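None of these values were measured; they are calculated from a predicted model. Counting starts at 1 for both ligands and their atoms, following the listed order.
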Amino acid sequence: MSDQDYIIAPSILASDFANLGDEVRNVLDAGADWVHFDVMDNHYVPNLTIGPMVCKALRDFGIKEFIDVHLMIDPVDELAQSFIQAGADLISFHPEASKHIHRSIHAIKDKGCKAGLVFNPATSLSALENVLDDIDLVLIMSVNPGFGGQSFIYSSLDKIAQVREMIDSSEKDIRLEVDGGINKETIGLASKAGADTFVAGSAIFNTENYEQTISELRSKIV
Ligand code: DX5
Ligand code: ZN
């Protein structure tokens, strides 16, 4: 789905929301590949963030790069369609937030958008077995969803390795993304376990020089 071996996707959750357009432009100009867009509904997770209007506002502002929407919402389907209208390139959702996972995936894909499934630290990968061939990305959470700035949960490394095996044996073009607590220490471990797409929020936006931080993160990928 992307020719690049490794993707860095800054989570705008940690950016300055009062200055969002410039923050996104700056982080992309500093070498980031994707924009990771965290959507929280104060129901599936205990926090509330941004919706499709903000995604459209970024498009209207002139952001043309890949927008990776991570839905932490229940239900999924209606807002997923709104995000497609708003210009999302990929929409991921948590399988436990959809009653009909296969239908939710194809409702996204039928509109020409890419689809991903997200697994929390304690969520089993069983939902993946029947739909791996239908999706473009698997996202493994290395924190419990809801907040930025949490510590990496090391048991997610085994899960990443498990999904890496599943993807490799499927021989499909599926990206393996990791999200939560990614920093200069943990990015190498996650890449060694098999991740190829790395979300980082506070590790990037809480630094002064985005370009330097992104290139340091990239240099730790093995
Ligand atoms: C957590 C979000 C993450 C979060 C990552 O629910 O899905 O994308 O912003 O933030 P850091 O990188 O600070 O852990
Ligand atoms: Zn996220």
Could you tell me which atoms of ligand 1, counted from 1 in the order shown, lie closer than 4.0 angstrom to a heavy atom of [X]?
X      : result
Met141 : 7 (O)
His36  : 8 (O)
Gly180 : 14 (O)
His70  : 7 (O)
Met40  : 6 (O)
Pro145 : 6 (O)
Ala200 : 12 (O)
Met72  : 6 (O), 7 (O)

How long is the straight-line distance from CG of Leu217 back to CZ of Phe198, given to the nearest 0.5 Å? 10.0 Å
Between CG of Leu90 and CZ of Arg175, what distance do you get to the nearest 0.5 Å?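 Output value for this atom pair is 10.5 Å.
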Whether the [X] and [Y] side chains hold a donor-acceptor pair (N or O, under 3.5 Å, no angle test) is what I'd like checked.
X      : Y      : value
Gln4   : Asp196 : no
Asp38  : Ser11  : yes
Gln85  : Gln81  : no
Asn130 : His102 : no

Mind checking whether [X] has an N or O less than 3.5 Å away from an N or O of ligand 1?
X      : result
Gly148 : no
Val199 : no
Ala203 : no
Ser11  : yes
Gly146 : yes

Would Ser142 and Ser156 satisfy side-chain hydrogen bond (donor to acceptor under 3.5 Å, both in side chains), going step by step from the backbone distance to the final call? CA-CA 5 Å; Ser142 38; Ser156 64; 4.5 Å; no
Which is closest to atom 7 (O) of ligand 1 in terms of heavy atoms, Asp179, Leu71, Asp68?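 Of the listed residues, Asp179 has the closest heavy atom.
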To the nearest 10°, how many degrees is the angle His70 ND1 to the Zn ion (ligand 2) to Asp179 OD2? 90°
Going by an N to O cut-off under 4.0 Å, is there a salt bridge joining [X] and [Y]?
X      : Y      : result
Asp158 : Arg164 : no
Asp33  : Arg218 : yes
Asp136 : Lys172 : no
Glu65  : Arg59  : no

What protein heavy atom sits nearest [atom], and how far off is it?
atom                    : value
atom 13 (O) of ligand 1 : Ser202 OG, 2.5 Å
atom 14 (O) of ligand 1 : Gly181 N, 2.8 Å
atom 12 (O) of ligand 1 : Gly201 N, 2.8 Å

As a test of reading the structure, name the N/O/S atom of Asp38 that is nearest the Zn ion (ligand 2). OD1
Would Ala14 count as a contact residue for ligand 1, given that I'm defining contact as a non-hydrogen atom of the residue lying under 4.0 Å from a ligand atom? no
Answer yes or no for Phe147: is there a heavy-atom contact with ligand 1 below 4.0 Å? yes
List the steps, then state whether side-chain hydrogen bond (donor to acceptor under 3.5 Å, both in side chains) holds for His100 with His106. CA-CA 10 Å; His100 305 286; His106 285 283; over 6 Å; no
Using the rule that Ile, Leu, Val, Met, Phe, Trp and Tyr join whenever any side-chain heavy atoms are under 4.5 Å apart, tell me whether Phe147 and Val45 fall into a single cluster.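 No, no single cluster joins them.
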